[in-house]
A.B. asks: 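Following this message is one structure expressed as structure tokens.
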Amino acid sequence: MAKRFFRKLAVLTKAEVTYGVDSTPTGAANAMQMTAVSITPLGGEEESRELLLPYFGHQGVLLVGNYVELQGSVELAGAGAAGTVPAYGALLRACSMSEVTVAATSVTYAPVSNAPESAVIYANFDGVNHAMLGVRGTWSLELAPKRIPRIRFTLRGLLGPIADVALPAVTLTGFKKPLVVSTVNTPTRSLHGYAALWESVSLDIGNTVELRNLIGEDSVQITNRQSIGTAVIEAASMAIKNWFSIAQAHTVGALSVIHGVGAGNIVEIAAAGVQLGRPTQGQTQGILNYSIPLMFTPTAGDDEFSIIVR
């Protein structure tokens, strides 16, 4: 019997036209380049019969509410040319984000509350293909020095066929080589108007993803969003920046991070209404720092933050 190997994987993702209907992604047009991939191939609940009989013994269960969940990361990088959709765009769209393209300039992703898109995912683990329909999900990302920035996705879909299917040939030219986070590669980084020395910054879109099983419809729904993050910043004097007074005043301010240099490999994270939580003090290498919770609040609706690829 031939062995199946963990590192032989093809993940294909394509937006659905009709919810829950297979849009048939292909390796040539819809391949995802991912790391740290894991799958729950048959998630769900168990319904016991609870029969009362003249004897003891396990009666078995009924598997109900079946779903598939895929977790994996993509590298945060540009698309190769300004105004080109990045290869991971379909994953962001499946996480309740809009995609707006300005030709030769930028592609902007922002959260949406109405009519979120969905996707089909094929996850082929060395010859066994797991089909996921009606996929929606959530994501988080972190930028830290000397590290490749990655977006971590958690994606849930309706259970499709699980079958022996040969690994497809994949085209991954749309994925560009990432730049590690550094002073040179991450030239803009400010919070509430202060260009701090950052140890890390994170953002979690915070979608609530629910599997909904009704008589007449099975679906995956995004029912809420609470976007949060954390900035770990080298501690300065209160005269320079008093994070404690800002937090106590419930002041909202801007966050801006630009990662990448040169058109075609720049990703910007922009947010106008960031409220600070309670800063905590720590240290790294004997240098004091503050860990500051971030709450991304809307200012006019569905505008807590944007990701701009250019």
A.B. asks: Under the side chain to side chain donor-acceptor pair (under 3.5 Å) test, which residues partner His130, sequence neighbours left out?
C.D. replies: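 Not a single residue meets the side chain to side chain donor-acceptor pair (under 3.5 Å) criterion with His130.
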A.B. asks: Considering only heavy atoms from C-beta outward, does the side chain of Ile258 approach that of Arg310 to under 4.5 Å?
C.D. replies: yes
A.B. asks: One thing to verify: whether Arg4 and Asp126 come together as a salt bridge, which I'm taking to mean a side-chain N less than 4.0 angstrom from a carboxylate O.
C.D. replies: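 No, this pair does not count.
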A.B. asks: Show the numbers, then the answer: is there a side-chain contact (heavy atoms from CB on, under 4.5 Å) between Ile162 and Val68?
C.D. replies: CA-CA 11 Å; Ile162 304 172; Val68 191; over 6 Å; no
A.B. asks: For Asp302, give me all partners under salt bridge (charged side-chain N to carboxylate O under 4.0 Å, His left out), at least two apart in sequence or on another chain.
C.D. replies: Arg225
A.B. asks: I'd like to check the salt bridge (charged side-chain N to carboxylate O under 4.0 Å, His left out) partners of Glu199; sequence neighbours left out, ordered by chain and number.
C.D. replies: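 Salt bridge (charged side-chain N to carboxylate O under 4.0 Å, His left out) check on Glu199 returns nothing, list empty.
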A.B. asks: Mind jotting down which residue pairs meet the side-chain hydrogen bond (donor to acceptor under 3.5 Å, both in side chains) criterion with at least one end in residues 76-94? Sequence neighbours excluded, please.
C.D. replies: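 Non-adjacent pairs meeting side-chain hydrogen bond (donor to acceptor under 3.5 Å, both in side chains): Arg93-Glu117.
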A.B. asks: Once side-chain hydrogen bond (donor to acceptor under 3.5 Å, both in side chains) is applied, what residue pairs with a partner in residues 205-216 remain, sequence neighbours excluded?
C.D. replies: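 Checked against side-chain hydrogen bond (donor to acceptor under 3.5 Å, both in side chains) - neighbours excluded - the pairs reaching residues 205-216 are Asn213-Asp218.
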A.B. asks: With no hydrogens and no angle check, do the side chains of Thr223 and Gln221 hold a donor and an acceptor under 3.5 Å apart?
C.D. replies: no
A.B. asks: Which residue pairs pass the side-chain hydrogen bond (donor to acceptor under 3.5 Å, both in side chains) test with at least one member in residues 100-110, sequence neighbours excluded?
C.D. replies: Glu99-Tyr109
A.B. asks: Please find the pair of heavy atoms, one from Pro111 and one from Glu304, that lie closest to each other, and give the distance.
C.D. replies: CG-OE1, 3.5 Å
A.B. asks: To check you understand the geometry: which heavy-atom pair defines the closest contact between Ala247 and Gly277, and what is its length?
C.D. replies: CB-O, 3.3 Å
A.B. asks: Looking only at side chains, do Arg152 and Ser73 share a donor and an acceptor under 3.5 Å apart?
C.D. replies: yes
A.B. asks: Got a donor-acceptor contact below 3.5 angstrom from the Thr230 side chain to the Ser202 backbone?
C.D. replies: no
A.B. asks: Transitively linked via ILVMFWY side-chain contacts under 4.5 Å: Ile266 with Val257?
C.D. replies: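 No.
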A.B. asks: Quick one about Ser118 and Glu16 (side-chain donor to acceptor, distance below 3.5 Å, no hydrogens or angles considered), yes or no?
C.D. replies: yes
A.B. asks: Give a yes or no on whether Val120 and Val170 share a hydrophobic cluster (residues Ile, Leu, Val, Met, Phe, Trp, Tyr; joining criterion: side-chain heavy atoms under 4.5 Å apart).
C.D. replies: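 Both belong to a single hydrophobic cluster.
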A.B. asks: Grouping I, L, V, M, F, W and Y whenever their side-chain heavy atoms are under 4.5 Å apart, do Tyr19 and Ile222 come out in a common cluster?
C.D. replies: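 Per the 4.5 Å side-chain linkage, Tyr19 and Ile222 are co-clustered.
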